[in-house]
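These notes are about the structure you will find just below.
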Amino acid sequence: MKDEKRSTSELIEELGRASKEWQKTFDASNDAIFVLDKDQHILRANKKAEQLFHRPSSELIGRRCWEIVHGTTKPLPECPCVRTKDSLLRETMDLQVGQSWLQVTVDPIIDATGKFDGAVHLVTDITERKRTEEELRGSEERYRTLFQFAPDAYYLNDMKGTFVAGNRAAERITGYSTKELVGSSFLKLDILSVRQIPKAAALLLKNGLGLPTGPDEFVLNRKDGTKVTVEIHTVPVEIQGRKIVLGLARDVTERKQAAEALLESEEKYRFLAENIADVIWTMDFEGNLTYISPSVENMQGYRAEELIGQPLAALMPPESAKKTREVIEKSLADPQGGTNISLEARHKDGRSIPIEVTAGFIRDDQGRPRSIIGTTRDVTERKQLQDQLLQSQKMESVGRLAGGVAHDFNNLLTIIMSSCSLMTSELREGDPLLDDVRHIDDAGNRAVSLTRQLLAFSRRQMLQTKVIDLNLILDDLDKMLRRLIGEDIDIETDLDPNIWKVEADPGQIEQIVLNLAVNARDAMPGVGKLTIETANIELDEEYARNHVGVMPGPYVMLAVSDTGSGMDKETTAQVFDPFFTTKEKDKGTGLGLSTVYGIVKQHGGNIWVYSEPGKGTTFKIYLPKSTSTKKAASSTPAPVTDSRGTETVLVVEDEAAVLKLAVRMLERKGYNVLAARDGLEGQGVANTHEGPIHLLLTDVVMPRMGGKALAQKLLTTRPELKVLYMSGYTDNAIVHHGVLDKDTHFVQKPFSGDSLAQKVREVIDYRKDNSK
């Protein structure tokens, strides 16, 4: 019995020692440990738990574990204690608390019946591990990003050439996705041509021996069939005990193309330098030529080889040579840019040539000038074009002025001439005033002729175009020309029988021919020959580039040539200027050729003069080929009919004197005339007039309401109304570029009483099909 008590005593003592040892072990753990009952109350907590949660054991015992660990009043849905109670298995979760990370591990305590009887709750501070993992993930992500987004293709393949991995550049270069590449080889994907396979196999063999390779050039067949040239480097590596080849493939297609382009460029520029019209040259800083292209012979008559070593200034007159030296010295002082100067060059035969020199520096690797390179261009044609442009602009400006002056006279002349017409009809023969009136009328007619010439020059006259055959016009003029020119001058015609049709005003074309013929006659005071030609001509883009205002295309050429005295360059440059003449005083107005110029331009054509002193003169006119399929019209004018009538005419004119005269002139011809001073008043008169109105005679440009707007309004209620427009303008609502709209009737101011009455009668009798 005594032995049993001793054994019990010893057992209790041993248990006490064991308990102390367990507590030491319990407290020595680097992890926080809680012992929980089956309702998750904390029964025991070690020292690490006190340190980790900053509470003594007395404040931990009896509390629910989630209150301490999670800081909540009830367990989280993912709480491992709750999961362990249900599963009777170890449950784990990672939990972030502030800046720290904790790993919570819960093991169940199971009683003898197999039921849940509590748990051991282990909390480990894994903040450092998490940080390390995060850094590792960041590092892996960086390298993965570098791998994926590197501009060159990176890939891994095994020793048999099977792809293990590839980046985006590999996809871009090959055209295959990573999914298509991995597990396949260059043989399966047919990336290499048959001729390149042995070369690729040799690389794999070297890699198998542990040797790096490269750079090696391959031409790959991309998935879409296109080719790409790559430069490949490989190096064998070992990853997790497995031998792998790391490859880098760089797309050098552009570099190869650039190298080939450079060779081609060198050949091309060599060809250009030796065949271009411009002269290309290089020289040293002393001004001596070190190279000059063969084109110098065409430009200046020297062979290239005889100029090498000679100063560039030897090809120029003294003033240009001096200017060249000054520019070179200035450029050397500030050698950052080039230069562009206009000079005179000297031909081997002594002629001067206008040139443009562009020069810069050839530099060494440090950007320092080591020689001068330049080009010389013959700008003779450009200067000619500039002269043409200036002449064209001058003619345009003078034309606008002339047109404006002519227009301002139209209303005045209408009043003068119409008044003369009325006075003449009222004065008897023998009346002393009749001669005075006739003198005024003659002066008015001369003024009308002058203003019409000015309008023709300024391209503001009215054209009534038709599809015509120039040959027919010239045939009709033949007899008149022979009477006009005289018997001493021979007239010769060379007319193309297959001439194209043109759209033109026949009367204006006749005026062109007559004016040119008269000028030719005056240039041949004795015996001579006048030649008139027609031909079909295609003006190409090169011709258009060398002639200002010309559009390429098909034209009909009309040429008038004489064997007269000819003209020098200065005279030729002014020949189309209004009021310019070489004739004696009172022998000409100086408007003949100006009129021709304006008519041609208004028809969309061009005129050029070629002349030399003592060698005669040729005028060449180019009129655009007609695109119309209409039959060519005859130039014979319509017969004149009786101009009297009894119809009702509404006259609308804002110029009071013109209105009064128009009314009087028409009333004298028997017409019933209604009058209005502008469009609105005209509309009111028409609305209140109960009878028919057969014709509206209206000015085009008026205040408040213009003639065209008035006509449109009246035609809605009087559809049978005929309309006759009158105006001193041509650039207005009823015309386009001086050409009348179809079926539009027009009388140009100034007009006489008879011409107005004749036009009124013609319009009233007009049918759209021209039948009477």
Side-chain angles (χ1 to χ4, degrees), residues 410-411 414 460-466 505 630 638 641-656 658-667 669-749 751 753 755-772:
N410 279 336
N411 280 334
T414 298
R460 294 188 180 185
Q461 64 178 336
M462 187 61 62
L463 296 182
Q464 299 186 44
T465 62
K466 301 175 183 178
D505 185 321
K630 293 180 181 179
T641 60
D642 184 11
S643 62
R644 298 184 63 80
T646 58
E647 290 86 352
T648 299
V649 179
L650 172 58
V651 180
V652 184
E653 166 64 61
D654 62 320
E655 183 71 35
V658 176
L659 175 63
K660 182 178 179 180
L661 286 168
V663 170
R664 286 183 63 191
M665 287 187 292
L666 292 176
E667 285 178 341
K669 293 290 184 178
Y671 292 99
N672 178 35
V673 184
L674 307 174
R677 290 171 295 182
D678 58 43
L680 283 179
E681 185 175 319
Q683 185 179 7
V685 170
N687 290 340
T688 57
H689 182 71
E690 295 182 355
I693 298 177
H694 300 89
L695 176 73
L696 168 65
L697 172 61
T698 178
D699 195 8
V700 178
V701 180
M702 295 183 293
R704 299 207 297 172
M705 181 187 292
K708 186 173 184 181
L710 172 63
Q712 289 172 340
K713 288 183 179 294
L714 296 187
L715 285 170
T716 60
T717 57
R718 297 175 181 268
E720 298 302 318
L721 178 71
K722 302 293 180 64
V723 180
L724 174 59
Y725 293 103
M726 56 181 170
S727 180
Y729 287 102
T730 60
D731 48 350
N732 53 50
I734 64 165
V735 296
H736 301 285
H737 306 294
V739 180
L740 281 171
D741 288 339
K742 184 180 179 183
D743 295 327
T744 298
H745 302 288
F746 181 82
V747 58
Q748 176 81 48
K749 296 178 182 178
F751 47 73
S755 64
L756 176 62
Q758 176 66 35
K759 191 67 178 181
V760 166
R761 185 74 261 159
E762 177 187 322
V763 175
I764 291 175
D765 294 339
Y766 175 79
R767 301 287 188 276
K768 283 194 176 182
D769 59 0
N770 274 342
S771 61
K772 297 286 180 84

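We use all heavy atoms of the structure for the numbers below, so side chains are in, but hydrogens, waters and symmetry mates are not.
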Item to complete: Any chance you could lay out the side chain to side chain contact (heavy atoms under 4.5 Å, CB included) test for Met726 and Glu653, step after step, and finish with the verdict?
Response: CA-CA 9 Å; Met726 56 181 170; Glu653 166 64 61; 3.6 Å; yes
Practice prompt. For Leu650 and Leu714, run side chain to side chain contact (heavy atoms under 4.5 Å, CB included): C-alpha distance rounded to whole Å, both residues' side-chain angles, the deciding distance at 0.1 Å, then the answer.
Written response: CA-CA 11 Å; Leu650 172 58; Leu714 296 187; 4.1 Å; yes
Worksheet item: For Glu667 and Arg664, what are the C-alpha separation, side-chain angles and deciding distance, and is it a salt bridge (Lys or Arg N to Asp or Glu O under 4.0 Å)?
Response: CA-CA 5 Å; Glu667 285 178 341; Arg664 286 183 63 191; over 6 Å; no
Practice prompt. Walk me through it: do Glu655 and Asp699 pass the test side chain to side chain contact (heavy atoms under 4.5 Å, CB included)?
Written response: CA-CA 9 Å; Glu655 183 71 35; Asp699 195 8; over 6 Å; no
Practice prompt. Before giving the answer on side chain to side chain contact (heavy atoms under 4.5 Å, CB included), spell out for His745 and Lys722 the whole-Å C-alpha distance, their side-chain angles and the decisive distance to 0.1 Å.
Written response: CA-CA 9 Å; His745 302 288; Lys722 302 293 180 64; 6.0 Å; no
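Inter-residue side-chain proximity for Tyr671 and His694 is flagged as unmet; no heavy-atom pair is nearer than 4.5 Å. A heavy-atom distance below 4.5 Å is found between the side chains of Leu756 and Leu697. At least one side-chain heavy atom of Tyr725 sits under 4.5 Å from a side-chain heavy atom of Thr698. Using a 4.5 Å heavy-atom threshold, the side chains of Pro703 and Asp654 count as touching. Contact of the Leu715 side chain with the Gln712 side chain is not registered, since no non-hydrogen atoms from C-beta on lie closer than 4.5 Å.
To the nearest 0.5 Å, the span separating OG1 on Thr648 from CG on Leu666 amounts to 11.5 Å. Between the NZ atom of Lys713 and the CG atom of Asn687 there is a distance of 10.0 Å, given to the nearest 0.5 Å. Interatomic distance, Leu721 CG to Leu696 CG, rounded to the nearest 0.5 Å: 5.5 Å. Interatomic distance, CD of Glu681 versus CG of Leu710, reported as 11.0 Å (0.5 Å rounding). Interatomic distance, CD1 of Ile693 versus CZ of Arg718, reported as 4.0 Å (0.5 Å rounding). A distance of 12.5 Å separates NZ of Lys759 from CD1 of Ile764, quoted to the nearest 0.5 Å.
Residues Val652 and Gly679 approach most closely at CG1-N, 4.0 Å, considering heavy atoms. The shortest non-hydrogen separation linking Val763 to Val723 is CG1-O, 4.0 Å. For Pro692 against His689, the heavy-atom pair with the smallest separation is O-NE2, 3.5 Å.
Salt bridge absent: Glu647 and Lys669 never bring a charged side-chain N and a carboxylate O closer than 4.0 Å.
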